[in-house]
Amino acid sequence: MAATYLLVIIGFLLILFGIFYFKSKQIKEEPIEDVLNRLSQEEQTLYKMALKPENVPNTFIYALTTCNHCKKTREFLDEHNVPYTLIYIDSYPRELYKVLLEKLKIYNPRGSYPTIRLANGQIITGFREQALREALLK
């Protein structure tokens with residue numbers, strides 16, 4: 001009986017220790033401006049464009065570096081000489097990535113990739129060749 005109480009107390013103490021340990025290990029986020037200042041000028045410009053893609057004079061693409069559909073979209077646009085601006089949002093620090101993802105979700109609530117905003121404001125999600133052909137190669 002005493003051994004059972006001892007095990008319960010030890011278990012309780014381990015749980016408390018775990019809670020305090022992991023709370024202290026939580027990563028503190030830096031202010032966005034500090035993170036942004038550490039980026040190259042080109043990365044800063046792309047980030048700002050991604051926040052206001054409606055001001056970009058050509059097609060704007062939110063993409064992931066590991067996304068095959070994003071790669072196919074790029075290849076299609078290159079093959080047809082369509083000018084575009086591309087941002088790989090997963091190449092940005094976590095604080096900026098979160099902001100970019102929220103912006104992307106305004107245009108594509110599912111948050112799928114690529115999310116393509118055409119100069120005319122039309123949104124195409126994923127690599128949909130026929131939709132791209134109809135919208136861009138008239």
Sort and list the pairs that fulfil salt bridge (Lys or Arg N to Asp or Glu O under 4.0 Å) and have at least one residue in [range], not counting sequence neighbours.
range            : answer
residues 52-70   : none
residues 61-84   : none
residues 119-132 : Glu129-Arg133

Taking a hydrophobic cluster as the set of Ile, Leu, Val, Met, Phe, Trp and Tyr residues connected by side-chain heavy atoms closer than 4.5 Å, whether directly or through intermediates, do [X] and [Y] fall within one such cluster?
X      : Y     : value
Ile106 : Leu96 : no
Tyr97  : Leu46 : yes
Phe17  : Val8  : no
Leu51  : Ile89 : yes
Val56  : Tyr47 : yes

List in chain and number order the residues that pass side-chain contact (heavy atoms from CB on, under 4.5 Å) with [X], two or more places apart in sequence or in another chain; answer none if no residue qualifies.
X     : answer
Leu7  : none
Thr45 : Gln41, Met49
Asn68 : none

Which heavy atom of [X] sits nearest a heavy atom of [Y], and at what distance?
X      : Y      : result
Ala135 : Gln122 : CB-OE1, 3.6 Å
Leu36  : Gln44  : O-NE2, 3.0 Å
Asp90  : Leu64  : OD1-CA, 3.5 Å

Next item on the list: Go through the structure and list residues passing side chain to side chain donor-acceptor pair (under 3.5 Å) with Thr85, not counting sequence neighbours.
Entry: Asn58

Note to self: I'd like to check the side chain to side chain donor-acceptor pair (under 3.5 Å) partners of Arg38; sequence neighbours left out, ordered by chain and number.
What the structure shows: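 For Arg38 the side chain to side chain donor-acceptor pair (under 3.5 Å) partners, ignoring immediate neighbours, are Glu30.
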
Next item on the list: If you link ILVMFWY side chains whenever their heavy atoms are less than 4.5 Å apart, which other residues fall into the same cluster as Ile9? By chain and number, please.
Entry: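 Leu13, which link up through side-chain heavy atoms under 4.5 Å apart, make up the rest of the cluster.
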
Give every donor-acceptor pair under 3.5 Å between a side-chain atom in residues 110-119 and any protein atom, sequence neighbours left out.
from   : atom 1 : to     : atom 2 : distance (Å)
Ser112 : OG     : Asn108 : ND2    : 2.9
Thr115 : OG1    : Asn108 : ND2    : 2.9
Thr115 : OG1    : Ser112 : O      : 2.7

Margin query: Under the rule for ring-ring contact (aromatic ring centres under 6.0 Å, His included), what residues qualify as partners of Phe76, not counting sequence neighbours?
Written below: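 In terms of ring-ring contact (aromatic ring centres under 6.0 Å, His included), with neighbours along the sequence ignored, Phe76 is linked to His80.
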
Next item on the list: For His69, check ring-ring contact (aromatic ring centres under 6.0 Å, His included) against everything at least two apart and list the hits.
Entry: none

